[in-house]
Structure formats: C-alpha cells, structure tokens
Protein chains: 2
Amino acid sequence: MNLSIAEENHIKSIYKLQEGDAVVTTNALAYELDTKPASVTDMAKKLKEKKLIEYEKYKGITLSADGRKAALQIVRRHRLWECFLVDKLLFSWEEVHELAEELEHVRSEKLTNRLSEFLGNPVIDPHGDPIPDANGKLVKPRPQTSLDQANAKRLVVTAVTDQSTALLAFLNAKGIKLGTQLEIIAHYEYDNSIEIKVKGQSPITISEQVAKNIMVRPL
Amino acid sequence: MNLSIAEENHIKSIYKLQEGDAVVTTNALAYELDTKPASVTDMAKKLKEKKLIEYEKYKGITLSADGRKAALQIVRRHRLWECFLVDKLLFSWEEVHELAEELEHVRSEKLTNRLSEFLGNPVIDPHGDPIPDANGKLVKPRPQTSLDQANAKRLVVTAVTDQSTALLAFLNAKGIKLGTQLEIIAHYEYDNSIEIKVKGQSPITISEQVAKNIMVRPL
DNA sequence: TTTATTATTTAGATTTGTCTAAATAATATT
DNA sequence: AATATTATTTAGACAAATCTAAATAATAAA
C-alpha cells in the first residue's frame with residue numbers, strides 16, 4: 001500500500017486523536033491537521049476506499065487494522081528521527097518535531113530499521129513517548145496522568161503530549177523537561193492555575209491548560 | 001524562495017546536465033527526469049518566472065545565479081545524506097542514491113549543517129563527488145576523465161557519474177568501486193568494448209557505455 | 001416537539017504537476 | 001532551396017489535494 005504524504009498525515013492524526021478506540025470527528029481532525037472539514041470528508045472517502053479506516057457518513061472515523069499498522073509505522077519513523085536529531089545532531093527537545101514531521105515520510109523499512117539499530121534500538125523518544133518496534137508493537141507506557149489530575153504530591157515528568165514549539169520552549173524556559181522532579185503546592189480552582197515547585201527552583205504558577213499537556217508519574 | 005519538490009528536482013537536473021555552462025535542451029531534461037518534454041516546458045516557464053533559470057522558447061535552459069545557488073544547496077543535502085547512509089547506517093555504495101533523493105528535500109539549513117558537522121564535514125560523497133560547503137562553494141575535483149577516454153594505462157576509479165542502481169550493482173559485482181585500481185588492456189573499436197584488468201582479478205570486458213560512466217585519474 | 005445551533009457533507013472551483021495530441025519552429029537532408 | 005525530420009511549444013485534459021458556499025443531518029435548547 002503506497003500512501004501519499006497527505007494520506008499519511010491523516011492516518012497519523014486519526015491515530016493520535018483516537019487514543020485507544022474513540023471515534024474521531026470530522027471537525028476534530030480538520031482542526032488537528034489545520035485544514036477544513038470538507039477536505040477531511042474528501043480524504044475520509046479515499047481512505048475508506050483503501051480500507052485504512054472505518055467510516056460511515058455522519059458517524060465519524062476509526063482506524064482499521066491496516067490503518068493502525070500504517071499509523072504505527074509512521075509514528076515509529078517520526079520518533080526514531082526525533083531520537084536521531086536530539087542524540088546525534090544535538091538538537092534540543094523542542095526543535096525536533098517539525099523536522100521529524102518531514103523525515104517521517106521517507107518510507108523505507110530498511111532505512112528505518114538501520115536507523116533504529118544505529119540509535120541502539122531506543123524504546124522512548126525525546127518527549128517520553130514510546131517507539132513502536134519493527135513489527136508495530138508498542139511497549140505499554142508506565143502509568144502516568146496529566147499534571148492537572150495528579151493526586152500524588154511528588155512527581156516526575158514522563159512526557160509532553162502537545163509538542164508545539166511554543167509549549168516546549170515555554171517549558172524549557174521554566175526548567176521543565178523529561179525526568180524533572182516537581183511538587184504540587186496548590187491547585188487553584190477559581191482561576192484554573194496550579195502552583196508547583198520544580199526541584200532546585202523557587203515555586204512557579206502554571207495554567208491548567210499547560211498542566212494538561214505535562215504527563216507525570218508518582219516519584 | 002520556497003521550492004516544491006518538483007521544482008527542486010528540475011533545478012537539480014538542470015545543474016547536472018549543464019556541466020559548466022552548456023545550454024540544457026527540453027528533451028534532455030525530460031529524459032533525465034523521466035517525464036515528457038511538454039511538462040518540462042511548463043516547468044521552465046514557472047522557473048523563469050521565479051528567476052531561477054534563463055529561458056527563451058526554443059533556446060534551451062541555463063541556471064541563473066540564484067538557480068545555481070539553489071542547485072548547490074540541494075546537491076549538498078543529497079551528498080551529505082549519502083555519506084550518512086554509507087558511513088553511519090552501513091548501507092552499501094549503490095543503495096543510497098534513491099534514499100538520498102528523498103532525504104534531500106528536507107530543506108532545513110540548520111539540519112544540513114548539523115548533519116555535515118556530525119559527519120566531520122566531509123568534502124566528497126561515497127561516489128567520489130565533491131560536497132558543496134554551507135556557502136555553496138565546491139572544491140575543484142581532481143583532474144579526471146571517463147574510462148573510455150583515458151589515455152594512461154594505470155588508473156584509479158574516482159567517481160561514477162550514472163548512479164542507477166543497476167549500474168552500481170553491476171560494478172559491485174565486477175569488484176569495481178571508488179579507489180579501485182585498474183589497467184586498460186585493449187580498446188576494441190569494432191564492438192565498442194574495453195578489456196580491463198582490475199587489480200587482483202583476471203581481465204574482464206566491459207562496454208564503452210559502462211566505461212563512459214566510470215571516472216578515473218592516472219595512478 | 002418544534003426550533004435553533006452545530007456538525008457534516010455535497011457541489012463546484014482552484015492550484016500544482018502532469019499528460020496527449022496537434023501545431024509550430026529549428027535543423028538536417030536531398 | 002525545398003522538403004523531411006526532429007525538437008519544442010501550445011491547447012486542452014486529468015488527478016490529487018485542497019478550498020468556499022450551500023445543503024443537509026444530527027444535536028441541543030426552548
């Protein structure tokens with residue numbers, strides 16, 4: 001099955017929004033891909049034709065088994081390139097997403113597997129996300145919640161779900177990265193903010209919005 | 001100036017066919033790009049509009065200063081990726097051209113320069129072709145001729161101009177690679193073949209057609 | 001349960017890059 | 001120089017991926 005870049009991007013976004021097995025709506029997908037709902041409908045028809053998604057009009061989209069397989073291949077390539085960029089070319093955490101977005105579309109299994117080997121077959125990428133293996137198997141990520149819903153007080157940052165340059169740069173500025181230890185001091189409902197103390201720094205306040213994208217596990 | 005992949009491929013092929021400053025014909029370019037002359041004419045109009053080429057109808061194509069600059073950037077990326085694939089991912093000589101053809105279109109100067117650094121700023125690629133530096137400067141390649149026109153008897157292979165998988169695999173099978181030493185035993189005009197002896201092997205016969213693509217310098 | 005709102009799809013247009021077939025220009029041959 | 005051949009361009013079409021505007025379906029509100 002030979003997918004175009006546009007098709008791959010749709011598959012990847014459906015995979016991302018599905019999170020388990022939820023149905024993905026036309027609007028959500030259009031927003032994620034920075035495109036228009038009408039365009040998503042067009043593409044949905046094509047991907048259904050290719051049996052990569054389940055789709056009935058007005059009923060939303062889910063990946064088929066083949067679609068999931070394709071998505072995992074793309075995700076694998078993306079995360080391996082991110083590793084390469086950070087580990088070998090010394091890019092920083094927040095710079096690599098856009099570049100990996102392009103490199104991921106070079107569809108060569110041999111290249112992907114050689115790259116993985118070269119990097120020492122890593123199992124998580126620089127953002128803490130697990131890397132599917134050559135067969136598309138994904139190791140279960142360790143138990144984690146988003147920072148806004150954490151109940152334990154002492155936590156470690158394990159991943160960042162939104163990889164926009166803006167957020168990553170913001171976190172960088174605040175001294176928050178993978179493995180950073182922090183404590184929740186207070187959660188202010190009335191203005192949706194959270195006061196935290198990053199290890200070795202004075203306390204700071206962040207919005208719930210930001211906290212939603214920071215995944216943590218109990219220390 | 002943001003170029004599409006199609007535009008980049010045209011620029012690159014014009015650069016390749018120009019060899020110095022020769023005018024490139026529509027037909028030659030169509031053949032090189034495995035497309036049709038009419039398509040080349042269409043693209044020529046667009047590239048002229050963007051001031052990347054000099055073009056008057058029926059008069060052929062040459063690169064403008066800007067076009068040459070763009071071409072050298074693409075060639076730089078292509079050759080650096082070839083180095084990476086061979087040196088780091090242990091691909092063989094003849095496998096890397098197609099992959100580099102895709103990787104070269106990731107247009108990030110920062111990535112290109114980091115990659116170059118990571119590789120130790122190489123100045124020639126695995127096929128023996130020089131790599132333009134970050135400013136597009138190309139070190140003059142050592143004096144070389146194609147094998148079919150060589151006058152010295154003892155020679156060293158310095159480059160291969162046609163990088164089709166077929167030819168490279170053929171040469172590999174014959175034990176010919178960069179740096180291989182060989183002697184010309186005889187040049188048969190009547191059937192356009194050349195008998196050569198590769199160092200450490202028994203003499204073999206190759207066609208002039210193949211010899212044209214093997215660049216050599218006197219030992 | 002009507003009505004209003006929101007989500008989704010359809011219809012038709014646009015851009016990019018390509019093609020074929022026909023027309024025209026340049027070059028080679030007699 | 002006239003004619004044949006080859007090279008190039010034009011005209012018109014097509015597929016992919018997108019868009020806008022209008023129509024329709026699903027859902028929420030009154």
Side-chain angles (χ1 to χ4, degrees), chain A residues 1-15 17-18 22-63 67 70-71 74 101-102 104-107, chain B residues 1-19 22-63 67 70-71 74 101-102 104-107:
Chain A
M1 182 85 56
N2 243 4
L3 302 183
S4 70
I5 288 178
E7 289 169 336
E8 284 198 344
N9 283 334
H10 279 77
I11 291 290
K12 190 177 50 148
S13 291
I14 295 166
Y15 175 83
L17 294 179
Q18 222 180 274
V23 167
V24 175
T25 67
T26 304
N27 265 7
L29 191 48
Y31 182 80
E32 171 71 23
L33 285 163
D34 195 25
T35 179
K36 295 289 180 294
S39 309
V40 169
T41 300
D42 289 343
M43 186 57 88
K45 287 178 188 164
K46 197 184 314 180
L47 294 177
K48 183 189 178 177
E49 194 60 38
K50 292 192 170 192
K51 301 196 186 305
L52 293 166
I53 63 171
E54 246 77 73
Y55 168 66
E56 293 305 326
K57 46 160 134 167
Y58 299 107
K59 297 283 177 57
I61 299 169
T62 55
L63 289 176
I74 303 164
E101 205 85 334
E102 301 198 52
E104 76 190 5
H105 296 298
V106 178
R107 309 169 250 310
Chain B
M1 181 84 57
N2 242 3
L3 301 183
S4 69
I5 289 178
E7 288 169 337
E8 283 198 344
N9 283 334
H10 280 78
I11 291 290
K12 191 178 50 146
S13 291
I14 295 165
Y15 175 82
K16 179 179 173 186
L17 294 179
Q18 222 179 274
E19 279 284 324
V23 167
V24 175
T25 67
T26 304
N27 265 6
L29 191 48
Y31 182 80
E32 171 71 24
L33 285 162
D34 195 23
T35 179
K36 295 291 180 292
S39 310
V40 168
T41 300
D42 290 342
M43 187 56 89
K45 287 177 188 165
K46 197 183 314 179
L47 294 176
K48 183 188 179 177
E49 195 60 39
K50 292 193 170 190
K51 300 196 187 306
L52 293 166
I53 63 172
E54 245 78 74
Y55 168 66
E56 293 307 326
K57 50 162 134 163
Y58 298 107
K59 297 284 177 58
I61 299 170
T62 56
L63 289 175
I74 303 163
E101 205 85 333
E102 301 198 53
E104 75 190 5
H105 296 297
V106 179
R107 311 166 209 42

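Chain identifiers are assigned alphabetically (A, B, ...) following the order of the sequence lines, protein sequences preceding nucleic acid strands; residue numbering begins at 1 within each chain. Just so you know, these numbers come straight off a predicted model, no measurement behind them.
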Validation row: A:Lys57, A:Thr26 side chains within 4.5 angstrom (heavy atoms): no

List, with names and distances, any nitrogen or oxygen atoms from the protein found under 3.5 Å away from nitrogen or oxygen atoms belonging to nucleotides 14-17 of chain D.
from: D:dA17; atom 1: OP1; to: A:Ser4; atom 2: OG; distance (Å): 2.5
from: D:dA17; atom 1: OP2; to: A:Lys46; atom 2: NZ; distance (Å): 2.0

Shortest non-hydrogen contact from B:Ile11 toward B:Gly67: CG2-O, 3.7 Å

Nearest-Å distance for atom pair NZ/P, residues A:Lys36 and C:dT14: 17 Å

Contact under 4.0 Å: A:Thr35 side-chain N or O vs D:dC19 OP1/OP2: yes

Derivation of the side chain to side chain contact (heavy atoms under 4.5 Å, CB included) call for B:Glu32 and B:Asn9: CA-CA 10 Å; B:Glu32 171 71 24; B:Asn9 283 334; over 6 Å; no

A:Leu33 CG to D:dT18 P, straight-line distance once rounded to whole Å: 8 Å

Full working for side chain to side chain contact (heavy atoms under 4.5 Å, CB included) between B:His105 and A:His105: CA-CA 11 Å; B:His105 296 297; A:His105 296 298; over 6 Å; no

For the student: nearest non-hydrogen atoms of B:Ala22 and B:Thr62, plus distance: O-CG2, 3.9 Å

Sequence-aligned protein contact record of nucleotides 6-12 of chain D, with B where the base is within under 4.0 Å of a protein heavy atom and S where only the sugar-phosphate is: -SBBB--

Working for side chain to side chain contact (heavy atoms under 4.5 Å, CB included), residues B:Lys16 and B:Val24: CA-CA 10 Å; B:Lys16 179 179 173 186; B:Val24 175; over 6 Å; no

Which donor-acceptor pairs under 3.5 Å do side chains of residues 39-55 of chain A form with protein atoms, sequence neighbours excluded?
from: A:Thr41; atom 1: OG1; to: A:Pro37; atom 2: O; distance (Å): 3.3
from: A:Lys48; atom 1: NZ; to: A:Tyr55; atom 2: O; distance (Å): 3.1
from: A:Lys48; atom 1: NZ; to: A:Glu56; atom 2: OE2; distance (Å): 3.0
from: A:Lys50; atom 1: NZ; to: A:Glu7; atom 2: OE1; distance (Å): 3.2
from: A:Lys50; atom 1: NZ; to: A:Glu7; atom 2: OE2; distance (Å): 3.2

Worked verdict on A:Val23 versus A:Lys59 for side chain to side chain contact (heavy atoms under 4.5 Å, CB included): CA-CA 8 Å; A:Val23 167; A:Lys59 297 283 177 57; over 6 Å; no

